[in-house]
Amino acid sequence: MANDKSPDKITPRAEDYSRWYLDVIRQAGLAEPAEVVKGCMVIKPHGYAIWEKIQRALDDRFKETGHQNAYFPLLIPESFLKKEAEHVEGFSPELAVVTHAGGQKLEEAYVIRPTSETIIGHFFAKWIQSWRDLPLLINQWANVMRWELRTRMFLRTGEFLWQEGHTAHASHEEAVEEVKRMLKIYAEFAEGHMAMPVVCGVKTESEKFAGAVQSFCIEAMMQDNKALQAGTSHDLGQNFGKAFDVKFQNKEGNQEFVWQTSWGVSTRLIGGLIMTHSDDNGLVLPPKLAPVHVAIVPIFGKGGDEAKVREAGASIEKELKAQGLAAVFDTREHKPGFKYFEWEQKGVPLRIEIGPRDVDANQVTVKDRLATAKETWPRAGLGERVKAYLDTFQNTLFERARKRMNDNTVRVDTWDDFKSVFAGENSKFVMAHWDGTRETEAKIKEELKVTVRCIPLDAPEEPGTCVLTGKPSSRRVLFAKSY
RNA sequence: CGGGGCGUAGCUCAGCCUGGUAGAGCGCUUGGUUCGGGACCAAGAGGCCGUAGGUUCGAAUCCUAUCGCCCCGACCA
């Protein structure tokens, strides 16, 4: 029995948003703190199953667009990081360094990769000689480590899983095209699979990747109206080409540095997924990423009823699986109510109850993860109906999230309005004018903890004046508090 | 790295002030009765009280050191 004191309750969002977030993760069995390893987490089977679905969907898109997977070492010579000035400056505070191995101090320390631009640059230099070797389109699925002072499960942990694409091109135009292509893939994945609407944009100088010429990103709005950077795609220009001497002979016979890109999404996406859809009852998952689509819960009833309920449940499971759906017939020794709570907390999109009364009436009782009331559906044609319903549900989640984002995106023109939107812990997506200087950005960040999340790609030209300084601006940018 | 908090059963915690040899709820095991929104009864298992010293006849409790974790700030996918 669960009373108010038991630790398996989910704190309501309105009461304490970060407690809620952690409670959802715990109750859904997604992950838990690694405890004995600072700032790290254990991704549990249900959480990892979601990651595998994310991997599968993205990997397919990467392959379709001509990329190949490869794997580079976890350990990177310390000197490599130092070859690109901005890169080392950006990453050195969060590096974990291996100084000893085999019982001896190493001649040169290794850093545990925080990202792989440098070591991949080293190998690209060996692999690329001619324009015929380009473009070189590589992706790596890997773990990386960034020693963060303050961690939150999935959103920021010492070690995390991701994919990092690394490509080399013969021209800047071609590289920029790649950067935008991959950003688009991220956006389509976020919206189409995660049902998480995003704003595509360009990072400002101070927010861009250390070592990039320009960083593109997708930004999503969480339920507390804070922004989450959900994916990035970088135009590296020739910065790493020059640092690692990655040259090719062009068609004119001249040596030229390659133009590189890198792009990545991480297990942070799971954090975004949680904070986009979940509610006070636990996780809510879009069908396209749900490891289990349908939980079938039997109600066994009086003695003689059990056999027919078992049979009916098994046949439903079989029919749903024939539709390509992940269905679980939950015959564990628990009360039905217990199972309802559990599957709800795990975010299963649809639940089907089957009891003696349903069997007798040739029907099932159905409840989707967001519904407040149950419905009765005929048993006949159930497989098709469920499959179609899940598509609708996927769409419902997306529309719901998009409405929330739109409703909380506002245009602001005065500094007073700007301050009131961000008063206290409040945030929104604020479209406002900015004079484009690092100083103004820093002042706003200092005063309100608000940053320019990005300059949206679809922001129209619109003359105006900076919300803080009153200096001229040519377009609005996206401001928000962020994770 | 600054400020705060906490280490006692699988989990959440009480006990510590005022030393006397280990507790609760949940969870777990077994048996039975149950099953349309977190079942009930009964019987059990489970802890050298973070670690190392010290004080004492005696330490979860007092002292010292140490390690770890969480929260709040400065940095970040």
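Everything quoted here is computed from the prediction, not taken from an experiment. Labels below follow one simple rule: chain letters A, B, ... track the order of the sequence lines, proteins then strands, and each chain is numbered from 1.
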For this session: Sticking with atom P, work out how far B/G25 lies from B/C41, rounded to a whole angstrom.
Result: 12 Å
Problem set entry | Under 3.5 Å on both distances, the Watson-Crick or G-U partner of B/C16 | none
Problem set entry | Polar pair under 3.5 Å, donor/acceptor by atom type, side chain A/K367, base B/G37 | yes
Problem set entry | Ring centers of A/W434, A/F479 separated by less than 6.0 Å | no
Seminar exercise, completed: Exactly one candidate in A/K367, A/R369, A/K339 meets salt bridge (Lys or Arg N to Asp or Glu O under 4.0 Å) with A/E344; the answer is A/K367
Exercise. Are A/H166 and A/F124 an aromatic pair by the rule of ring centers under 6.0 Å?
Worked result: no
Exercise. Can you tell me if A/E178 and A/H67 form a side-chain donor-acceptor pair at under 3.5 Å?
Worked result: yes
Exercise. For the rings on A/F62 and A/W263, is their centre-to-centre separation under 6.0 Å?
Worked result: yes
Seminar exercise, completed: Atom CZ of A/R26 and atom C1' of B/G10 are separated, to the nearest Å, by 14 Å
Problem set entry | Whole-Å gap separating P (B/C71) and CZ (A/R150) | 6 Å
For this session: Please state how far atom CD1 in A/I299 lies from atom P in B/A39, giving the value in whole angstrom units.
Result: 13 Å
For this session: Mind listing the residues from residues 340-366 of chain A sitting with a heavy atom below 4.0 Å of RNA chain B? Number order is fine.
Result: A/Y340, A/F341, A/E344, A/Q345, A/R351, A/E353, A/G355, A/P356, A/R357, A/D358, A/T365
For this session: Could you check whether A/F160 and the base of B/A77 form a stacked pair, meaning centres closer than 5.5 Å and planes differing by less than 30°?
Result: yes
Exercise. Hey, would you say the A/F244 and A/F123 ring centroids sit under 6.0 Å apart?
Worked result: no
For this session: Quote, to the nearest angstrom, the C1' distance that separates B/U8 from B/U21.
Result: 14 Å
Problem set entry | For RNA chain B, the residues among residues 67-96 of chain A that have a non-hydrogen atom under 4.0 Å from it | A/E94
Exercise. A/W141 and A/D59: side-chain donor and acceptor closer than 3.5 Å?
Worked result: yes
Exercise. Given the P atoms of B/A52 and B/G68, what is the spacing between them in whole Å?
Worked result: 16 Å
Problem set entry | Complementary nucleotide for B/G10 - Watson-Crick or wobble, under 3.5 Å | B/C26
Exercise. B/C69 pairs with which nucleotide, Watson-Crick or G-U wobble, both distances below 3.5 Å?
Worked result: B/G5
Problem set entry | Sequence-distant partners of A/A187, side chain to side chain contact (heavy atoms under 4.5 Å, CB included), two or more places apart | A/V198, A/C200, A/I218
Problem set entry | Set of side chain to side chain contact (heavy atoms under 4.5 Å, CB included) partners for A/D305, sequence neighbours left out | A/K302, A/K308, A/P356
For this session: Write down the distance separating the P atoms in B/C48 and B/U56, rounded off to the nearest Å.
Result: 28 Å
For this session: Let me know, please, whether A/E148 or A/G39 comes out on the 5' side of the other along RNA chain B by nearest nucleotide.
Result: A/G39
Exercise. Closest to the A/F338 side chain: B/C35, B/A77, B/G38?
Worked result: B/G38
For this session: Return no unless some side-chain N or O of A/K302 is found under 4.0 Å from OP1 or OP2 of B/C35.
Result: yes
For this session: Find the distance A/D280:CG to B/G37:P and express it as a whole number of Å.
Result: 22 Å
Seminar exercise, completed: Applying the 3.5 Å cut-off to both distances, the Watson-Crick or G-U partner of B/U34 turns out to be none
Exercise. Rounded to the nearest Å, what distance is computed from the NE2 atom of residue A/H334 to the P atom of nucleotide B/C40?
Worked result: 14 Å
For this session: Looking at every strand, decide which applies to A/T157 at a 4.0 Å heavy-atom threshold: base, sugar-phosphate, or nothing.
Result: base
Exercise. Are OP1 or OP2 of B/C40 and a side-chain N or O of A/K335 less than 4.0 angstrom apart?
Worked result: no
Exercise. When the distance from CG of A/L22 to P of B/C69 is rounded to whole Å, what number comes out?
Worked result: 16 Å
For this session: Decide whether a cation-pi geometry holds between A/R113 and A/F72; the criteria are a distance under 6.0 Å from NZ or CZ to the six-membered ring centre and an angle within 45° of the ring axis.
Result: no
Problem set entry | Euclidean distance for P, B/A74 against B/U51 (whole angstrom) | 36 Å
Problem set entry | Residues within residues 304-315 of chain A bordering RNA chain B, heavy-atom distance below 4.0 Å | none
Problem set entry | Strand partner of B/A45, provided both Watson-Crick or wobble distances fall under 3.5 Å | none
Problem set entry | Carboxylate-amine/guanidinium proximity below 4.0 Å for A/E207 and A/R453 | yes
Problem set entry | Nucleotide B/A77, atom C1' - distance to CD of A/E159 in whole Å | 14 Å
Seminar exercise, completed: To the nearest angstrom, the OH-P distance between A/Y186 and B/A77 comes to 14 Å
Exercise. Is the distance between the ring centroids of A/W51 and A/H46 under 6.0 Å?
Worked result: no
For this session: Go through the side-chain N and O atoms of A/S315 and A/R379 and say whether any donor and acceptor fall under 3.5 Å apart.
Result: yes
For this session: Answer yes or no for A/K335 and A/F338: cation-pi contact, defined as NZ/CZ to six-membered ring centre under 6.0 Å and angle to ring axis within 45°.
Result: no
For this session: Under 4.0 Å between any heavy atoms, over every strand shown, what does A/E333 touch: base, sugar-phosphate, or nothing? Just pick one.
Result: base
Exercise. Ring centres of A/F216 and A/H234 under 6.0 Å apart?
Worked result: no
Exercise. Counting only non-hydrogen atoms, which of residues 197-234 of chain A are less than 4.0 Å from RNA chain B?
Worked result: A/Q229
Problem set entry | Opposite nucleotide pairing with B/A74, Watson-Crick or G-U, both atom distances under 3.5 Å | none
Exercise. Which whole number of Å gives the distance between the P atom of B/G31 and that of B/C67?
Worked result: 49 Å
For this session: Select from A/P33 and A/G158 the residue whose nearest nucleotide in RNA chain B is closer to the 5' end of that strand.
Result: A/P33
Problem set entry | Sub-6.0 Å ring centroid separation between A/F209 and A/F91 | yes
Exercise. Aromatic rings A/W20 and A/Y17: how do their planes relate, parallel, tilted or perpendicular, breaks at 30° and 60°?
Worked result: tilted
For this session: Using the C1' atoms only, state how far B/G15 lies from B/C49, rounded to an integer number of Å.
Result: 11 Å
Problem set entry | Between B/C63 and B/A24 - C1' atom distance, rounded Å | 30 Å
